[in-house]
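One structure below.
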Amino acid sequence: MLAAGDSYYYYYYVTPRYRYGEWLHLLVGAILVMAVGLSWFYYVQMSLLGLILDSVLFVLAFMLHELAHKFSAIHYGYHAEFRLQTWGAIITAISIVIPFFKIIAPGATVIYGPDDRYLMGRTAIWGPATNLAMATVLIIAAFSIPPLYYYLAIAAYVNSFIALFNLIPLGILDGLKVFRWNKGIWAGAFVLSIVLFILSMMAVP
């Protein structure tokens, strides 16, 4: 089982506290996520090629989710940057050696700007939307490329799970921000995430 904590936090400051090292933080976060992906080698039957492919796709699921938040926030006039979070990174690192239950939450997209629920909701939806798009493409690709079916199906499952988990309208999760902004869009995205999660779960052999 894999859990993905929402790494989308807000800090309302006029001037960013961090000015350097964002890409180093992303690199470390990506390495941790890839290590979690590689750790599946001990628990599932998977070829080396498939293991590498899924590890790369796990990293893309994480990075594209975070970058979608970042660039959508910038589009709406906020300053945004990715930062490692101490406990999130530690929990992700521990997940490398824990069998079956995996947590991917090494850091946060930190956003600076006014607390506008409309802009925050629009910014929040892009993370899960990115994972929903990836899950859809991966499910189609899995059936289109039989030799890679198993690996692509697993990657689709991971993306759909990340989207579904983050769309739960609670706490700091994306879902609560989207729900407060537009309940119709939240409902549509949430239902789609459930459908894709079920389809991808059924697709995994």
Side-chain angles (χ1 to χ4, degrees), residues 1-13 16 26 29 33 57-83 85 88 103-143 152-204:
M1 181 177 180
L2 182 145
D6 179 29
S7 54
Y8 190 40
Y9 301 155
Y10 297 97
Y11 292 85
Y12 308 117
Y13 300 102
L26 265 174
V33 174
L57 290 173
F58 284 8
V59 172
L60 285 177
F62 155 70
M63 289 195 69
L64 293 181
H65 179 107
E66 295 301 334
L67 291 176
H69 283 318
K70 173 183 173 67
F71 290 114
S72 61
I74 291 172
H75 173 76
Y76 290 117
Y78 293 102
H79 178 86
E81 52 194 37
F82 178 81
R83 289 285 137 181
Q85 300 291 327
I103 299 176
I104 296 176
T109 298
V110 182
I111 296 175
Y112 303 87
D115 185 6
D116 184 320
R117 68 173 181 172
Y118 299 102
L119 294 182
M120 289 299 181
R122 292 171 184 171
T123 300
I125 190 62
W126 283 104
T130 299
N131 294 119
L132 290 174
M134 289 183 67
T136 302
V137 170
L138 287 165
I139 289 175
I140 295 172
F143 287 99
L152 297 177
I154 290 177
Y157 168 79
V158 169
N159 273 278
S160 61
F161 177 81
I162 291 174
L164 176 60
F165 183 87
N166 282 293
L167 282 169
I168 296 172
L170 295 173
I172 62 171
L173 298 175
D174 294 328
L176 183 58
K177 303 173 187 71
V178 178
F179 184 83
R180 287 173 173 169
W181 160 53
N182 190 308
K183 293 178 176 59
I185 290 178
W186 170 82
F190 192 66
V191 170
L192 178 59
S193 69
I194 292 174
V195 171
L196 286 174
F197 177 71
I198 294 174
L199 287 175
S200 62
M201 186 168 59
M202 292 173 61
V204 176

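Positions are given from 1, in the same order as the sequence printed here.
Side chains of His65 and Pro128 form a contact here, defined as non-hydrogen atoms less than 4.5 Å apart. Between Asp174 and Ile125 the shortest side-chain heavy-atom distance does not fall below 4.5 Å. Side-chain atoms of Asn159 and Leu196, non-hydrogen and from C-beta on, never get closer than 4.5 Å to each other. Taking the side chain as every heavy atom from C-beta outward, Phe71 and Thr109 never approach each other to under 4.5 Å. For the pair Leu170 and Leu176, the minimum side-chain heavy-atom distance is 4.5 Å or more. Phe161 is not listed as a side-chain neighbour of Asn131, based on a closest heavy-atom distance of 4.5 Å or more.
Remark: aromatic rings of Tyr78 and Tyr112 are distant, center separation not under 6.0 Å. Checked against the 6.0 Å centroid criterion, the rings of Tyr118 and Tyr76 do not qualify as a close aromatic pair.
Counting all heavy atoms, side chain and backbone alike, Ala124 lies closest to Lys177 at CB-CB, 3.8 Å. Minimum heavy-atom separation, Ala142 to Ala153: CB-N, 4.0 Å. Contact record, Ser160 with Ser200: OG-OG, 2.8 Å, taken as the closest heavy-atom pair. Heavy atoms only, all atoms of each residue included: Leu132 and Ala189 are closest at CD1-O, 4.0 Å.
Sequence neighbours left out, the pairs with a member in residues 123-143 that pass ring pair (Phe, Tyr, Trp, His ring centres under 6.0 Å) are Phe143-Tyr149.
Note that OG1 of Thr130 is 11.0 Å distant from CD1 of Ile162, once rounded to the nearest 0.5 Å. Here the straight-line distance linking atom CD of Glu81 with atom NE2 of His69 works out to 15.5 Å at 0.5 Å rounding. To the nearest 0.5 angstrom, Leu26 atom CG is 9.0 Å from Arg83 atom CZ. Taking CD1 of Ile154 as the reference point, atom CG of Leu57 lies at 10.5 Å (rounded to 0.5 Å). One finds the CD1 atom of Ile139 at 10.5 Å from the CG atom of Leu152 (value rounded to the nearest 0.5 Å).
Remark: Val195 engages Val191, Leu199 in a side-chain contact (heavy atoms from CB on, under 4.5 Å) (not counting sequence neighbours).
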Report all side-chain donor-acceptor pairs from residues 178-186 shorter than 3.5 Å, counting only partners two or more places apart or in another chain.
residue: Asn182; atom: OD1; partner: Gly184; partner atom: N; Å: 3.0
residue: Asn182; atom: OD1; partner: Ile185; partner atom: N; Å: 3.0
residue: Trp186; atom: NE1; partner: Leu167; partner atom: O; Å: 2.7

Stepwise ring pair (Phe, Tyr, Trp, His ring centres under 6.0 Å) test for Phe165 and Phe197:
CA-CA 10 Å; Phe165 183 87; Phe197 177 71; over 10 Å; no
